[in-house]
Every structure is written in structure tokens, then in C-alpha cells.
Amino acid sequence: YTHTLGEDTDHNYYTSKTFGSSDLMSKELWVNINQMDKEKVKIHGILSNTHRQAARVNLSFDFPFYGHLLREITVATGGFIYMGDVVHRMLTATQYIAPLMANFDPSLSRNSTVIYFDNGTALVVQWDHVHLQDSYNLGSFTFQATLHSDGRIVFAYKEVPVQIAKISSVNHPVKVGLSDAFVVVHKIQQIPNVRRKTIYEYHRVELLKTKITSSTAVEMMPLPTCLQFTSCTSCIASQINFNCSWCHRLNRCSSGFDRHRQDWVDNSCPDEVCMWMCVDVFMMDGLICSFQREKDMLCSLSLSLFLFFFLPCTVKATSNSTAENSTHPLHMGLILGMLLLLLVMVAIVLVTVYIYHHPSSAAGLFFIERRPSRWPAMKFRRGSGHPVYAEVEPVGQEKEGFIESEQC
């Protein structure tokens with residue numbers, strides 16, 4: 001990503017702005033922990049005295065990261081925060097917030113500490129006077145990352161003695177930015193009851209390292225994601241950077257690429273019809289049934305007729321102009337569809353009532369011979385179920401649940 005000082009850079013999920021050492025915002029974005037409530041400031045004893053260690057920290061607020069609300073993070077000695085659910089040995093690979101990821105070793109100096117502070121609306125993590133393990137003579141680094149409850153992320157740098165591009169990445173990755181991924185569980189056919197977890201990185205923000213020097217700061221603002229929409233209508237009508245789709249089996253809005261990817265695929269959400277279930281528009285939730293009532297034959301028949309006459313549905317336009325032009329015919333199609341569906345349902349009810357009161361009629365005998373008890377059960381594919389992402393057992397050195405993380 002190219003970057004110009006003072007200008008916003010769009011990263012799809014975030015916009016970033018870098019402030020130079022002469023900019024007043026750099027000083028304002030730096031949080032002076034020494035002036036904070038001492039009872040809330042915590043110096044992590046283990047992280048401050050070890051190398052390649054990571055410790056879980058609970059947040060007092062929901063922090064939105066790529067649209068996902070998190071209440072727990074993992075602070076690592078290597079100058080980054082791991083944001084994933086599954087803790088493993090390759091923490092540096094993805095799912096991180098990295099103000100300056102490098103081979104820092106706080107155990108080399110008594111002055112090196114890892115400090116964090118939570119005031120209820122923001123969490124500040126500061127790597128204070130830390131040295132590179134393989135380049136101790138370069139001097140100490142002091143920098144911090146601040147996570148705000150509104151999703152804003154701030155990197156602030158007090159001491160950066162050398163150019164980041166000159167830091168060796170032989171023994172540890174060197175990264176500045178953000179990353180997120182989703183985990184997919186695969187069954188291994190050759191070995192029963194054994195599954196393999198694969199991590200797919202779907203987005204990364206790489207900040208320009210040449211802009212990171214002493215007394216600089218970077219502010220990253222979150223952009224809207226599909227996950228923030230909680231209804232079908234708002235999801236389909238959204239006009240953001242992503243093509244949002246609504247999945248009624250999960251009651252979730254998504255672009256298809258987020259941490260819930262496996263649920264999305266297992267429940268056949270990509271194959272769902274885009275518009276016909278948006279009954280909120282007409283306030284007819286009580287009249288329109290859904291596929292969730294699998295045993296309701298009238299419901300299934302009505303929906304089948306509706307889909308037969310109105311597929312394929314009109315897909316939401318990706319551009320603003322196209323969306324505006326397609327709104328009128330789209331709503332007209334929905335209205336006509338609803339009216340036809342109601343007529344079909346009324347007709348079915350009337351036929352049912354007639355058969356009930358005239359069982360000896362030709363129609364009554366016809367349906368008695370083909371009563372539902374003889375019909376095959378209707379089953380709908382549910383996918384492989386909801387995956388459970390169990391935490392990977394710690395390997396290697398272990399200190400009160402803190403796990404040694406290795407280079408990716």
C-alpha cells in the first residue's frame with residue numbers, strides 16, 4: 001500500500017492515517033500510562049521476563065475487529081497482539097494487531113516491561129524499553145497499541161532507534177499492520193475421527209515501514225462490514241464496500257469471508273435465495289412461513305410455488321446508480337410475489353376446508369388415498385453442523401497457561 005502523510009489510505013476494512021514526528025496528533029495519540037490510574041495499570045510479570053511468550057488478557061468492553069466483537073486478546077512479547085480464538089504455535093502468521101512485530105526479548109534487560117491498561121473504553125498495551133534478541137546493541141524500543149471500543153486502533157511510537165526495514169526477519173517475522181483469517185476444519189478420509197484445521201487469511205493491512213520512526217503515530221478507523229447488519233432488509237439494502245448477503249438459516253449478514261466462513265458454507269448460505277425471505281418490508285412475518293418449519297407441508301408447498309414463479313430473484317446492484325434504478329422493479333416484483341403467495345395459501349385453505357367437510361367427494365377420496373402418512377419425509381440438508389474450534393493444547397514450555405509461539 002502506498003502511503004502519504006496526513007492522508008487517509010483505504011484498506012477495504014480500515015482506513016489508516018500516519019502522523020509524522022512534527023505533527024501534534026502524534027503527541028496526542030500517545031497515551032502516557034504514567035499518568036493513568038495506577039490500580040488499572042498492570043505490568044505483566046511473565047511477559048516482562050521471558051522471550052516468545054503470549055498471555056491472554058480479558059477486555060472490559062467489546063472490541064470490534066474486522067466486524068467481530070471480541071472480549072479476549074493475547075498479548076505477545078514480540079510486539080504484537082494475537083486476535084484469534086485458537087491459540088497455536090504460529091501466532092505470527094495471521095490474526096494480529098502489530099504495531100511492530102519483531103524478535104523482541106524483554107528478558108534481556110531489567111528495564112524491559114510489557115504493560116497494559118484498560119479504562120473501560122480502551123485498552124493500551126505498551127512494549128517499554130524492549131530490545132531485539134539478535135541485535136541488542138541497536139538500542140531499546142518503546143511503542144504501544146491502543147484498542148478503542150468503537151473499533152479504532154492506534155499505533156504510537158516513542159522510541160524507534162533504527163529503521164524498521166533494517167531489522168532482521170531471519171529468526172522472527174517483522175510486520176506492521178493488521179490481519180485476520182478464518183479457520184476451516186477438514187475431515188481426513190484416511191483417518192476416521194481426525195480433523196485438520198486450516199487457517200485462511202482473508203485480509204491484511206500492511207503499513208509502510210519507512211514512515212514508522214520515533215514520535216510518529218498511525219490511526220486506523222474501521223469501515224462498515226456486513227456483520228453489522230442484523231436484519232435481512234438492512235443487509236440487502238446496504239451500500240458498502242462489500243456485497244452483503246443474508247442467510248436465514250443463520251440469521252446473519254455476511255460477504256462470505258469472515259470468521260464464520262465454515263458455518264456459512266456448511267449451511268449452504270451461498271445458495272440461498274437473496275430476496276424472497278425479506279418479509280420485514282411488508283410487516284408480514286406472521287403470514288409468511290420459512291423453511292425452518294420443515295414439517296409444515298402447506299408452508300413448503302407455498303414456498304415452492306413462490307420460488308417457481310419468481311426465481312431467479314433480482315440481485316442487489318453493486319454500484320449506487322444501479323441500486324437506485326433497480327429498487328422500483330425489485331419492490332414491485334416482491335409485492336406481486338407476496339400477493340400471489342397469499343392467493344395460493346387462501347386457495348389451499350379453502351380446498352382443505354372443503355375436503356374436511358366433504359370427505360366423500362372426489363377430491364376428498366383423492367387426498368385420503370394419498371394422505372400425508374404415506375408421503376416420504378421431507379428432509380433439508382443442514383451441512384456438517386456447527387464446528388467447534390477447540391483450543392490447541394500448548395506445546396513446549398508452559399507457564400501458567402502462557403504458550404511459547406514460534407516463527408511462522
Side-chain angles (χ1 to χ4, degrees), residues 11-14 52 54-59 62-76 78 80-98 101 147 151 153 173 175 177-206 222 225-228 242 244-245 247 249-272 381-396 398 401-408:
H11 306 281
N12 293 331
Y13 288 87
Y14 290 86
R52 297 199 179 209
R56 290 185 178 271
V57 174
N58 293 321
L59 303 176
D62 289 326
F63 174 68
F65 183 64
Y66 280 88
H68 306 90
L69 298 180
L70 306 181
R71 269 294 180 116
E72 187 179 69
I73 62 171
T74 303
V75 179
F80 68 98
I81 303 172
Y82 175 68
M83 308 299 292
D85 297 327
V86 182
V87 179
H88 49 81
R89 294 172 62 88
M90 296 169 59
L91 299 186
T92 60
T94 185
Q95 294 187 299
Y96 56 74
I97 294 178
M101 181 191 295
L147 283 53
I153 301 172
K175 302 177 183 179
L178 313 175
S179 169
D180 199 24
F182 55 83
V183 180
V184 176
V185 178
H186 303 278
K187 292 182 179 179
I188 302 178
Q189 296 180 353
Q190 293 80 2
I191 309 176
N193 300 324
V194 175
R195 296 184 177 186
R196 180 185 64 191
K197 295 184 179 71
T198 305
I199 301 176
Y200 295 91
E201 182 181 64
Y202 65 88
H203 189 262
R204 177 182 294 192
V205 175
E206 292 180 311
T225 66
C226 299
L227 293 174
Q228 73 185 50
F242 305 99
C244 301
S245 301
C247 182
R249 290 183 178 178
L250 298 176
N251 285 325
R252 182 181 300 147
C253 183
S254 174
S255 64
F257 292 93
D258 53 46
R259 296 192 177 191
H260 307 297
R261 170 70 179 178
Q262 183 158 13
D263 274 351
W264 189 261
V265 174
D266 286 350
N267 285 275
S268 302
C269 293
D271 301 328
E272 266 202 10
R381 294 184 61 187
R382 288 289 184 182
S384 59
H386 298 283
V388 178
Y389 298 141
E391 182 171 312
V392 178
E393 290 295 329
V395 180
E398 181 178 353
F402 305 130
I403 303 164
E404 180 180 8
S405 60
E406 291 188 349
Q407 175 186 356
C408 68

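Using a 4.5 Å cut-off on side-chain heavy atoms (C-beta onward), F63 and I153 make contact. N58 is not listed as a side-chain neighbour of R71, based on a closest heavy-atom distance of 4.5 Å or more. Proximity of H68 to L227: side-chain heavy atoms (C-beta onward) are separated by under 4.5 Å at one or more points. The shortest distance between side-chain heavy atoms of M90 and I199 does not fall below 4.5 Å. Two residues are said to be in side-chain contact when any heavy atoms from C-beta on lie closer than 4.5 Å; M83 and L147 meet this criterion. The shortest distance between side-chain heavy atoms of R259 and L70 falls below 4.5 Å. With contacts defined as side-chain heavy-atom distances shorter than 4.5 Å, the pair L91/F80 qualifies.
With rounding to the nearest 0.5 Å, the separation of CG in D266 from CZ in R261 is 10.0 Å. For the atom pair SG (C226) and CZ (F257), the distance works out to 11.5 Å, reported to the nearest 0.5 Å. In this structure, CD1 on I97 lies 14.0 Å from NZ on K175, to the nearest 0.5 angstrom.
The two atoms that bring G84 and Q95 nearest to each other are CA-OE1, 3.7 Å, heavy atoms only. In this structure, S254 and W264 approach most closely via the heavy-atom pair CB-CZ3, 3.5 Å. Shown here for T74 and R56, the closest heavy-atom pair between the two residues is OG1-CG, 3.9 Å. The nearest pair of heavy atoms linking Q262 to V185 is OE1-N, 3.0 Å.
Under the 2.5 Å SG-SG cutoff, C244 and C253 do not qualify as a close cysteine pair. Pairing of C247 with C269 by a disulfide is supported, the SG atoms lying closer than 2.5 Å.
Residues passing the side-chain contact (heavy atoms from CB on, under 4.5 Å) test with E201, sequence neighbours excluded: T94, S179, A181, R204. The side chain to side chain donor-acceptor pair (under 3.5 Å) test applied to S245 returns no partner, not counting sequence neighbours. Applying the ring pair (Phe, Tyr, Trp, His ring centres under 6.0 Å) test to Y13 and every residue at least two apart in sequence or in another chain returns Y66, Y202, H203, F242.
D258 contributes a side-chain N or O that, together with a main-chain N or O of H260, makes up a donor-acceptor pair within less than 3.5 Å.
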